[in-house]
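The structure appears below as structure tokens.
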Amino acid sequence: MHQLVVRTKALALLLLMCHLMVSQSHYRFSADYSIKEIDTNQTQKISLGKVYLDHQTKFLNFKQVFPDQKVYSFSDSVVIVSTGDTSFTGVAPKGLFQFTIYSLILTNQLDNYGLDDTKCKLINVSQKEGKVIREYVFLEGSNRKMHLVKSDQDLIEVMLILNDEDEVISKSFLEEYHLIKGLMVPHRVVQFWYSPSRKVSKKISTLKHVILDQKTDNHHYSHQ
Amino acid sequence: MMKRITAILLFFCFNVSFASVYSYDRSELDLEFKKLEQIEEQFVKEGRVDPLWLNSIQSAEPIDTQKSNEFYFDAQSFFWGFCCCPVGVFIVPFSANKDSDQKGSFWIGVGAFVVLTIASTASIYASVSCTY
């Protein structure tokens, strides 16, 4: 009888440890970023710096070092942009922490771009040249559609957003995935946006030196 | 024979459209971004950038906002505003599916209708008062 109790306790402990190991989620993301953009007016834009995200406190910090020193601090629904001695406060984009790529990477939801928790409906799944194409329709606000093209490793390679007339309004290509602490992190994202007059804006975002769950440098993950 | 040729043509057309929708020309894009790439490389290596380059670039926003500032004129919305404003107001401005450019086009249509109505009424009134 005693042995049975001991065995049951040991099994329960083992199950608890397994559960803790599986459910352990990452909470912090930091990396060197570069954003290069050519907009619809052919204006060339660039910014280089470091990005810090704390998923628990819902805080996202961009510390830009080039072309000028600037800090973008996003928390909840507010953004504070600080440039030297001046700063201004604005409204952060809706759903920022739900859909920003850093958040999706940390919460391991990048495989379907976090669409499980949204009011999107999967309307079709097809296969072409070894890629799986999942088609979603937004159920709220507009009849926009989203196509997710996934590789044979179940990684998103392409994300298309189409308007209610089935015209492509944006394309995103997630490339150069690297495995970091059990998470697949895309290090290059190429995006195209199409204006109603079909002018195109292009953007290349790259990440380097990705660090997950940084325990030091807490000041980077909060307002200074 | 013609059916086979048509089938082959359709097959290639479909494949080309699939490739163009779900892919892009990386070498062409690299060529377009060559200057920005050089700027990044120089900054990473030397911590500075040629001042001549600095004049021709702007700061990129880290989080995506509105990508295009250009106004797109939507003729259909304009005609709803111009020809049938009372019905059009439920189809365009009150519709969640219409973007700000379409709503703007509608109100331009309403404005054009109001201006034309006032101008024509004034000219009729003026001609009538001149007659008497």
Side-chain angles (χ1 to χ4, degrees), chain A residues 32-41 43-49 51 60 62 64-68 70 72 74 79 92-93 96 100 128-129 131 133 140-144 147 149 157-158 160 163-164 168 170-171 173 175 190-197 199 201-206 208, chain B residues 14-15 17-26 28-44 46-51 53-77 95-102 104-105:
Chain A
D32 291 338
Y33 75 87
S34 85
I35 300 167
K36 298 180 281 289
E37 186 177 354
I38 299 175
D39 71 11
T40 50
N41 301 320
T43 308
Q44 304 216 4
K45 298 176 181 178
I46 186 169
S47 77
L48 309 173
V51 57
L60 178 62
F62 288 92
Q64 182 180 303
V65 293
F66 181 80
D68 47 6
K70 209 182 271 184
Y72 296 82
F74 296 88
V79 54
L96 174 73
T100 186
K128 186 82 184 165
E129 295 172 9
K131 319 275 186 202
I133 304 165
E140 271 187 352
S142 65
N143 293 321
R144 287 183 177 185
H147 290 191
V149 180
E157 288 188 344
V158 190
L160 249 65
N163 63 16
D164 47 7
V168 176
S170 84
K171 282 187 199 181
F173 297 86
E175 302 170 342
V190 179
Q191 292 164 290
F192 299 85
W193 284 275
Y194 297 88
S195 72
S197 57
K199 282 185 180 176
S201 164
K202 299 160 190 173
K203 186 173 177 178
I204 302 174
S205 309
T206 57
K208 282 177 189 165
Chain B
F14 181 74
N15 274 338
S17 66
F18 176 85
S20 63
V21 169
Y22 296 109
S23 65
Y24 70 97
D25 188 337
R26 181 155 180 171
E28 192 185 304
L29 195 76
D30 287 346
L31 202 64
E32 278 184 77
F33 279 80
K34 195 177 175 183
K35 183 180 147 191
L36 290 173
E37 205 67 54
Q38 285 173 333
I39 289 172
E40 182 186 353
E41 268 177 36
Q42 192 180 31
F43 185 79
V44 170
E46 300 170 23
R48 55 171 288 280
V49 167
D50 193 332
W53 275 347
L54 282 176
N55 296 331
S56 60
I57 56 161
Q58 289 181 12
S59 179
E61 298 284 324
I63 292 289
D64 306 329
T65 50
Q66 189 66 35
K67 299 316 293 176
S68 170
N69 293 325
E70 63 175 308
F71 176 74
Y72 164 66
F73 179 76
D74 183 48
Q76 195 184 347
S77 304
S95 168
N97 294 336
K98 302 293 179 187
D99 61 28
S100 59
D101 288 349
Q102 288 170 312
S105 302

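Note that the coordinates shown come from a computational prediction; the quantities given were computed from them, not determined experimentally.
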* Residue pair B/Gln58, A/Gln44: steps toward the side chain to side chain contact (heavy atoms under 4.5 Å, CB included) verdict -> CA-CA 6 Å; B/Gln58 289 181 12; A/Gln44 304 216 4; over 6 Å; no
* **A/Phe66 and B/Ile39: CA distance, side-chain angles, deciding distance, side chain to side chain contact (heavy atoms under 4.5 Å, CB included) verdict** => CA-CA 10 Å; A/Phe66 181 80; B/Ile39 289 172; 3.6 Å; yes
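Using a 4.5 Å cut-off between heavy atoms, A/Ile35 contacts chain B through both its backbone and its side chain. Residue A/Glu157 does not touch chain B at all, counting heavy-atom pairs closer than 4.5 Å. The part of A/Val190 that comes within reach of chain B is its side chain, from C-beta onward, which places non-hydrogen atoms under 4.5 angstrom from that chain.
Between chain B and the options A/Asn163, A/Val158, A/Ile204, the largest number of non-hydrogen pairs under 4.5 Å is found for A/Ile204. In terms of heavy-atom pairs under 4.5 Å with chain B, the best-connected choice from A/Leu48, A/Thr43, A/Ile38 is A/Ile38. Interface summary for chain A: among B/Leu36, B/Val44, B/Leu29, B/Leu54, the most heavy-atom pairs under 4.5 angstrom belong to B/Leu36.
Partners of A/Lys70 by salt bridge (Lys or Arg N to Asp or Glu O under 4.0 Å), not counting sequence neighbours: none found. A/Lys171 is linked by a salt bridge (Lys or Arg N to Asp or Glu O under 4.0 Å) to nothing, counting only residues two or more places apart in sequence or in another chain.
Taking both residues in full, the closest heavy atoms of B/Tyr22 and A/His147 are given as OH-ND1, 2.7 Å, listed atom of the first, atom of the second, then distance. Contact between A/Lys36 and B/Phe33 at its shortest, heavy atoms only, is O-CE2, 3.3 Å.
Rounding to the nearest 0.5 angstrom, the gap separating the CD atom in B/Glu37 from the OG atom in A/Ser34 is 7.0 Å.
Inter-residue side-chain proximity for A/Tyr72 and B/Glu61 is flagged as met; some heavy-atom pair is nearer than 4.5 Å. A 4.5 Å side-chain heavy-atom check between A/Gln64 and B/Ser59 finds at least one atom pair inside the cut-off.
Comment: B/Arg26 engages A/Glu175 in a salt bridge, judged by a side-chain N to carboxylate O separation of less than 4.0 angstrom.
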